[in-house]
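Convention: sequence-line order gives letters A, B, ...; per-chain numbering from 1.
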Amino acid sequence: MTYRVRFAPSPTGELHVGGARTAVFNWLFARSKGGKFLLRIEDTDRERSSEAMTGRILEGLRWLGIDWDEDPLFQSSRLPAHLENVDKMMASGNAYRCFCDPEKLAAEREEALKSGANSWKYPGYCRDLDENTVKTNLEKGLSFSVRFKIPEGETSFNDLVHGETVFDNSNIDDFIIVRSDGTPTYQLSVVSDDIEMKITHVIRGNDHISNTPKQILIYKALGKDVPEFGHIPLILGQDKKRLSKRHGATSLIEYKERGYLPEAMFNFLSLLGWSPGNDREYLRKDELIKIFSLDKITKSGAVFDEQKLAWLNGQFLSDLPAEEIIEEIKPRFETAGLWDNSFQGERKEWFYNLINLLKTRCRILDDFITDAGPYLTDHIHYDDNGVKKHLKNSEVIEHLSDLLDVYSEIKDFNEANTEDVLRKLAEKLDISAGKLIHPLRMALVGVPVSPGVFEVAVLMGKEKTLERIRLLVEWLKSYHGVK
RNA sequence: GUCCCCAUCGUCUAGCCAGGUCCAGGACACAGCCCUUUCAAGGCUGCGACACGGGUUCAAAUCCCGUUGGGGACGCCA
C-alpha cells in the first residue's frame, strides 16, 4: 500500500504554527512510511485568498524543510469536478435541491434558539420535494442550494489517535454542499479532492473531528473508499485555549524572524502532541523520520511554550558550525550595521573564533547582535551595574594603569601569557586576581558578562586591548574626579 | 445549550492498550551546589503531578461507571 497524505492550507492568512505542526506530522508520516506528502491549496474563498499568501505559505514550509512530492493542487481549479460529484449524488438520491430562503431559515433558527431549544437543524422542507414541484421551482427561476441528505443510523470511524468514534446521524444536519451561487462548499470540496488525490490517511487538527462523519457520508454516497482519519490535538495558548493571535506570535514566519532555526522549530513542533516514547527530546529531522509513528500521538492539547523552543534553539545553535551560524546571522548583522565583508574575507578566521566563543551563550540569532557588539564597534558604553560592581573604587585606576604597563611588555599576546602576567601583577599588588579581571572585562566589553576575559583579550588583540584599558582609565579619572 | 474530544509536576511528556518492577521517570522553567574571572554551557541536588468519587481485583496512574473541570464543533468560512 502506498501511503498518501496531504496538507491543505487555505491561503487566507499566514501559515499558523498549528498548521505547520499538522504539516510536520503529515510529512513525518509520509517520509517514515515511504509514502507521498502532497499539498493542496484551499483557495475557494476568493474574497480572502491571495496568491501572495500561497507563496508565503510555501516559503514557510520550505524554510521548515518540508518538501512535497507532486505539484500542489489548487482547489479552485477543481470546481467542475466537485459539481460533477453533486450531480452523482443528486441522481442517487443522496442530495437534493433546497429552495428555502436563507434569510427565512436564519430567522427561524434564531427564534428557535432564543426560545430555549438547544440546537437547530434544517427542518427538511425540501428534503422530499416531488419532481413536479422541483420542476416548477426551476422553471420559475427560483434560486436553490444543494443539501446532502443525511441517512438514518450512525456513522463511525476508527480514529488513528482516538480510536472508535461514533456519531448518531440524527445529530447531523442536512448540510449544504452547493451554495445558491453554484459554488461547492468545503465538505464537498475536501472529499472530492481527497478522492482525486488518492489520499489514504487524513491527518488533521482535532477541530475537524465533527466534520468527519459528514465527509464519510459523502464518500459513501459517492461509492468511494473511506480513508483513515487521525485527529491530532490542538496547540493551546497559556490559558489552555486554542492558540490564537491574542496569545502573541502565531505565524511560523514570525518565529523565523525572531531568530529561531528551522531545525529547532521543526523539532519543537514535532514534540507538541507527540513523543518518541522515551526521554529523547533533542532530535534532528532524519532521526525523527526514523522514530515517528502515529500511535505515539497524544490525545490532549499541548500548550505552546516558547521557553522550551528557545532552549531547543540554543541546543541547535551550540552544535551548529560557525560557518552556518554566520550564514544565518549575516542579514541580521547587516541590518544592525555590524556587518563587514572582511568577515568572510581576510578576517574570516577571526570572525569564526568570535562566533564560536559566543554561541554557547546564545539562544536566538539576535543574541549574537548584542553579544558581538563590543567586538565589532569601538563604541563602548560602560554598563551601570558593572560600574557599580567593579569600578566604584578609585583604586582600579592604579590597577588598570599597572595592567596596561605589564600588558604592553607582552611579546606573544596569547591566553596563557595574558593570564599569567595578570595573576603575577595581582600577587605583586597583593589583591585578588578578580580585582583586575573584572575591571579588564569592563574595559574590553563594557558589561560584566562575557566569555573568558583572556580569550576576549586575545581575540581583540594586543593593540585594541591596550587602547581600551587606556580608554577606561581616562573615563574613570573623570568619573572619580581624579586629575 | 446540543454533539464530540480530553484529563499525570507550572509547561511538554514517559508509564496506561497487555494492572504489580511507580511512595510515578525525563525535559523546559524555577531554586541551590559544583566547576569558575563573570555569564552561559556542563555536572549534581532540590521543588513539583496520577482531577474527584465509586466500582472490578489479592493488587489500579493503568480496566469500568459516574461527577467535575477543560477544550473543540455546531456557517450558503475553510
> Has the side chain of A/Thr185 got a donor or acceptor that lies under 3.5 Å from a partner of the other kind on the base of B/C76?
Replying inline: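 Side chain to base: no pair below 3.5 Å.
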> Do the side chain of A/Lys308 and the base of B/A27 come within less than 3.5 angstrom through a donor-acceptor pair of N or O atoms?
Replying inline: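 Indeed there is one.
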Atom [atom1] of [X] and atom [atom2] of [N]: how far apart are they, to the nearest Å?
{"X": "A/Ile235", "N": "B/C5", "atom1": "CD1", "atom2": "P", "value": "22 Å"}
{"X": "A/Leu236", "N": "B/C5", "atom1": "CG", "atom2": "C1'", "value": "12 Å"}
{"X": "A/His162", "N": "B/G71", "atom1": "NE2", "atom2": "P", "value": "17 Å"}
{"X": "A/Lys299", "N": "B/U8", "atom1": "NZ", "atom2": "P", "value": "12 Å"}
{"X": "A/Phe454", "N": "B/U38", "atom1": "CZ", "atom2": "P", "value": "11 Å"}
{"X": "A/Ile355", "N": "B/A40", "atom1": "CD1", "atom2": "C1'", "value": "15 Å"}
{"X": "A/Asp174", "N": "B/C74", "atom1": "CG", "atom2": "P", "value": "17 Å"}

> A/Ser145 and A/Arg179: side-chain donor and acceptor closer than 3.5 Å?
Replying inline: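 There is no such pair between these side chains.
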> Can you name the residues that form a side chain to side chain contact (heavy atoms under 4.5 Å, CB included) with A/Asn393, not counting sequence neighbours?
Replying inline: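 Scan of A/Asn393 (side chain to side chain contact (heavy atoms under 4.5 Å, CB included), adjacent residues dropped) gives A/Glu395.
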>> Classify A/Pro233 by what it touches in the nucleic acid, base, sugar-phosphate, or nothing, heavy-atom distance under 4.0 Å.
In response: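 Contact class for A/Pro233: none.
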>> Test your reading of the model: is there a side-chain donor-acceptor pair from A/Trp475 to the backbone of A/Tyr382, 3.5 Å cut-off?
In response: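 Answer holds: no.
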